[in-house]
Chemist: 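The structure under discussion is supplied below as structure tokens; questions concerning it will follow.
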Amino acid sequence: MLDFDAALALVLDGVTPAALERVPLVHAAGRVLAEPLVARRPLPEFDYSAMDGYAVASADLPASGGVLPVRGVSAAGSQPGRLEPGTAARIFTGGPVPEGADAVVLQEDVTSDAQHARFTERPAAGSHIRKRGDDLAAGERTLGAGVRLNPFQLGLAASLDYAELVVTKRPNVAVLCTGDELRAPGSSGAPGSIPESNGVALAALVHAAGGVPHLCAPTSDAADATRRALENALRLAEVVVTCGGVSVGDRDIVKGCFEALGVTTVFHKVAIKPGKPLYFGKLGHQRLLGLPGNPASAQVTFSLFGLPLLRALLGIRERLPLRTSARLTRAIQQKPGRRTFCRAMLEADRVTPLDNQASGATTAMAWANALIVVSEHASRCEAGSPVEVIPFAELYK
Ligand code: AMP
Ligand code: MG
């Protein structure tokens with residue numbers, strides 16, 4: 001059976017970023033920058049005062065200070081005239097430094113009336129002045145392509161006078177759950193029916209990762225209904241995620257339906273736990289992930305394979321979730337052969353596996369904030385030993 005790394009490499013193989021689009025800055029949060037952000041002009045563009053005070057030419061004052069007549073004002077947004085030699089100009093935070101001035105003296109350090117200002121010492125040249133280009137020189141590259149834009153980076157783009165940014169298009173992702181037993185949460189159903197609980201979680205993961213989720217109505221286990229639903233999903237999206245029906249039971253008809261529609265199977269089954277029956281196929285540029293229906297299996301496999309696929313389609317530079325190391329608070333025992341992803345609570349540098357690791361358990365996923373990665377070769381990890389951990393927060397960063 002394929003191991004985790006080989007399967008992930010196959011999912012990411014040949015994926016190129018989606019098409020590009022230009023969006024207004026206010027819509028660019030969470031989008032992925034497709035072109036480097038370059039300073040078109042120096043930042044700041046002109047010398048300005050960092051404080052309220054008086055602009056002077058430092059050479060006009062003796063070392064022990066002195067009195068200068070006050071002429072002119074520079075406030076933020078104004079365009080002051082030249083500083084007359086032997087005078088001081090009133091200046092406020094953000095005000096352009098008048099030509100001829102090379103220092104700003106804080107108003108707290110000056111005694112003044114309307115016409116004169118008394119200085120106690122000669123200021124050092126450059127005091128309290130933010131110089132043109134201090135922060136960035138013109139032409140400097142500030143952010144590279146492949147950055148998922150956070151609010152602070154949007155602020156930087158705005159200060160560089162960008163009104164729009166070129167970003168990658170958000171990939172459309174259809175989510176289709178299959179199973180005769182499924183009913184909408186909150187609806188009444190026949191005995192034996194259960195609320196469909198994976199679709200909403202998967203759609204939210206797609207959204208958080210930067211894709212556009214299309215949550216399709218669940219289908220029964222009938223092959224013709226499943227095929228029709230898949231055709232519809234393939235019209236909507238470049239990535240189709242199904243859930244359920246990919247194991248080896250009589251009702252596991254999803255793989256057959258994919259193949260009937262011309263999908264090429266890339267793999268079926270991976271040596272992981274949970275999620276062994278995972279399916280991956282391709283139809284032209286479209287990619288299909290068949291997740292097992294058990295909630296922990298569906299959610300873990302989508303996190304480990306679907307989210308990296310979305311990152312690659314979005315052109316995000318960091319493809320894989322960052323892993324950290326933590327100390328186990330209690331031992332984990334397993335049958336070797338499959339890489340295990342234990343649902344766990346990470347607190348500082350300590351990590352505790354949750355009690356119910358069954359693939360059908362929805363509680364463990366909801367209470368966990370991390371996955372512990374246990375090697376397929378290990379049969380036991382001792383309490384106190386370091387283990388590899390994937391924090392949930394890293395999954396869709
Ligand atoms: P399957 O992968 O179709 O064999 O389903 C495995 C288990 O997961 C069964 O107990 C199903 O009832 C359950 N299951 C499948 N799909 C879902 C779903 N969308 N929501 C909740 N449970 C599901
Ligand atoms: Mg099923």
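Numbering of ligands and ligand atoms starts at 1, following listing order. For clarity, every value in this text was computed on a predicted model and none was experimentally measured.
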Chemist: Any idea which protein heavy atom is nearest atom 22 (N) of ligand 1, and the distance to it?
Modeler: Ile194 CD1, 3.5 Å
Chemist: Backbone or side chain, does any N or O of Ser247 fall under 3.5 Å from an N or O of ligand 1?
Modeler: no
Chemist: Taking all non-hydrogen atoms of both residues, which atom of Leu291 and which atom of Leu278 are closest, and how far apart?
Modeler: CD2-CD1, 3.6 Å
Chemist: Look at atom 19 (N) of ligand 1 and find which of Glu196, Arg183, Glu181 reaches it with the closest heavy atom.
Modeler: Glu196
Chemist: Ignoring hydrogens and geometry beyond distance, is a side-chain donor-acceptor pair present between Glu181 and Ser193 at under 3.5 Å?
Modeler: no
Chemist: Among Asn198, Val254, Thr178, whose heavy atom sits nearest atom 17 (C) of ligand 1?
Modeler: Asn198
Chemist: Look up atom CG in Leu202 and atom CD in Gln299, then write down how far apart they are to the nearest 0.5 Å.
Modeler: 6.5 Å
Chemist: Over 60° means perpendicular and under 30° means parallel, so classify the ring planes of Phe119 and Tyr54, tilted if in between.
Modeler: perpendicular
Chemist: Does even one non-hydrogen atom of Ser197 get within less than 4.0 Å of ligand 1?
Modeler: yes
Chemist: What is the nearest protein non-hydrogen atom to atom 4 (O) of ligand 1, stated with its residue, atom name and distance?
Modeler: Asp252 OD1, 3.9 Å
Chemist: Please confirm whether Gly245 approaches ligand 1 to less than 4.0 Å, judged on its heavy atoms.
Modeler: yes
Chemist: Shortest non-hydrogen contact from Ser197 to Pro295?
Modeler: OG-CG, 4.2 Å
Chemist: Compute the shortest N/O to N/O distance between Gly293 and ligand 1 and return yes if it is under 3.5 Å, no if not.
Modeler: yes
Chemist: Between Asp221 and Ile253, what is the shortest heavy-atom contact and its length?
Modeler: O-CG1, 3.3 Å
Chemist: Any N/O of Pro292 closer than 3.5 Å to an N/O of ligand 1?
Modeler: no
Chemist: Work out which heavy atom in Thr226 is nearest to a heavy atom in Thr178; give both atom names and the distance.
Modeler: CG2-CG2, 4.3 Å
Chemist: So if I count the atoms of ligand 1 from 1 in the order they appear, which ones are less than 4.0 Å from some heavy atom of Cys177?
Modeler: 19 (N)
Chemist: Got the closest protein heavy atom to atom 6 (C) of ligand 1, with its distance?
Modeler: Asn294 N, 3.7 Å
Chemist: Does any donor atom in the side chain of Arg122 or Ser58 lie under 3.5 Å from an acceptor atom in the other side chain?
Modeler: no
